[in-house]
Amino acid sequence: MGRYDGRVAVITGAARGIGFGIATRLAEEGASVAVVDLDESAASEAAGRLPLADGAKAVGIGADISDGAAVDAAIARVVEELGGIHVLVNNAGITRDNLLFKMTEDDWDLVMGVHLKGAFLMTKAAQKHFVEQKYGKILNLSSVSALGNRGQANYSAAKMGVQGFTRTLGIELGPFGVNANAIAPGFIATEMTDATAARLKMDVEEFRKLNAEANPVRRVGFPEDIAAAAAFLCSDEASYITGQTLYVDGGAKLG
Ligand code: NAP
């Protein structure tokens, strides 16, 4: 018996990185999974690599989560092809880093569009089903950058916004059997942090090593670290936890 037997999970930005890590873990625990990502072929390819349990299914869906019509169509496809929806993980994300004085309006709008508007649109489309069936789990990806990070005024504002959004979902949807929580990861080794290394003109391994040395637990994080916390927070074992943000960062922000 897996904790997610008979459940359908939708995970945005799950073609790679943290999203794919969460999709893999939930599939291992019995879930059917919809991998939603910008590129449908990448989403389908990732869905095809998931370790599904007997009877579970996976589908890859191409959708830009900052587009309301695309989001509604994606949720409709999930319900039609996988037979329902029980878990939503708002994971898709982008960075457009720059110091404030060099940050463009586009850099601001793009980051807000994916992290905040995207999570809003996906959650609004999914909650109809959650409220109707009096069951649902929402997990939003915040970041340690929510606490402030040089060069990330847009991303930091969006990620703290995600925490406020999560608390409000907890208040509004709790009476309907829906839990909403957030995870704020620290440095996780993915293409997102590899791109940061490239922008800083640093070797990826050297960048990871420096980040590991600066961390209290002396290592960087991996998608599996976030997936383990996600699998708990979206499970029925966490049904008395809502509106919370769990920092999964090796103690990076402890002092
Ligand atoms: P990643 O490797 O860059 O993966 C992000 C995925 O999201 C990509 O597949 C990307 O597709 C997809 N995506 C981007 N915009 C989208 C949109 N509008 N609609 C649908 N999909 C979209 O990132 P990650 O490192 O796994 O990060 C996952 C989440 O964790 C993000 O919310 C990120 O902000 C957060 N986070 C990451 C870290 C870290 O250290 N890695 C730390 C804290 C928080 P394309 O490839 O086609 O662009």
Side-chain angles (χ1 to χ4, degrees), residues 10-25 34-47 49 60-71 73-75 88-97 109-122 125 139-149 152 154-163 165-166 182-199 204 207-208 210-212 214-215 219-227 229-230 245-250 252-253:
V10 180
I11 303 158
T12 66
R16 65 171 197 237
I18 293 172
F20 184 71
I22 295 172
T24 301
R25 177 68 188 253
V35 171
V36 176
D37 213 296
L38 274 178
D39 174 9
E40 176 134 349
S41 62
S44 299
E45 190 271 328
R49 283 189 284 126
I61 298 175
D64 177 350
I65 57 151
S66 61
D67 172 342
V71 164
I75 294 293
L88 169 67
V89 181
N90 287 310
N91 164 81
I94 58 168
T95 53
R96 290 292 182 276
D97 297 353
D109 288 343
L110 275 170
V111 167
M112 295 300 154
V114 178
H115 295 277
L116 282 179
K117 188 178 172 196
F120 159 68
L121 291 172
M122 287 294 299
L139 182 70
N140 299 318
L141 269 289
S142 177
S143 167
V144 289
S145 295
L147 301 171
N149 198 26
Q152 290 197 313
N154 50 1
Y155 185 80
S156 165
K159 290 306 198 184
M160 192 49 105
V162 164
Q163 297 192 20
F165 179 60
T166 304
I183 290 177
F187 186 106
I188 308 297
T190 68
E191 286 186 36
M192 184 178 271
T193 39
D194 290 355
T196 306
R199 219 169 23 251
V204 165
F207 188 54
R208 288 183 185 178
L210 281 177
N211 276 280
N215 190 289
R219 71 169 176 91
V220 297
F222 296 95
E224 293 79 5
D225 292 308
I226 305 305
T245 297
L246 177 64
Y247 282 76
V248 181
D249 64 353
K253 292 291 178 185

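Model, not experiment: these values are computed from the prediction. Read the numbers this way: they start at 1 and go in the same order the structure lists the ligands and their atoms.
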Going by the rule ring-ring contact (aromatic ring centres under 6.0 Å, His included), which residues pair with Tyr155 if we only count those two or more places apart in sequence or in a different chain?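 By the ring-ring contact (aromatic ring centres under 6.0 Å, His included) rule, Tyr155 matches His115.
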Identify, with sequence neighbours excluded, every residue that meets ring-ring contact (aromatic ring centres under 6.0 Å, His included) alongside Phe187.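 Only Phe207 meet the ring-ring contact (aromatic ring centres under 6.0 Å, His included) criterion with Phe187.
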Under the rule for side chain to side chain donor-acceptor pair (under 3.5 Å), what residues qualify as partners of Asp37, not counting sequence neighbours?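 Side chain to side chain donor-acceptor pair (under 3.5 Å) list for Asp37, sorted by chain: empty.
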Stacked cation flag Arg25 on Phe20, 6.0 angstrom / 45 deg: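 Judged by the rule (NZ or CZ under 6.0 Å from the ring centre, within 45° of its axis), Arg25 is not positioned above Phe20.
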Any donor-acceptor N or O pair under 3.5 Å, side chains Asn90, Thr12: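 The answer is no; no qualifying pair exists.
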Residue shell around ligand 1, heavy atom under 4.0 angstrom: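 Residues within 4.0 Å of ligand 1: Gly13, Arg16, Gly17, Ile18, Asp37, Leu38, Ala63, Asp64, Ile65, Asn91, Ala92, Gly93, Ile94, Val114, His115, Leu141, Ser142, Ser143, Tyr155, Lys159, Pro185, Gly186, Phe187, Ile188, Thr190, Glu191, Met192, Thr193.
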Using the side-chain contact (heavy atoms from CB on, under 4.5 Å) rule, pick out the option among Asn140, Leu139, Ile183 that qualifies with Thr166.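 The residue from Asn140, Leu139, Ile183 that satisfies side-chain contact (heavy atoms from CB on, under 4.5 Å) with Thr166 turns out to be Asn140.
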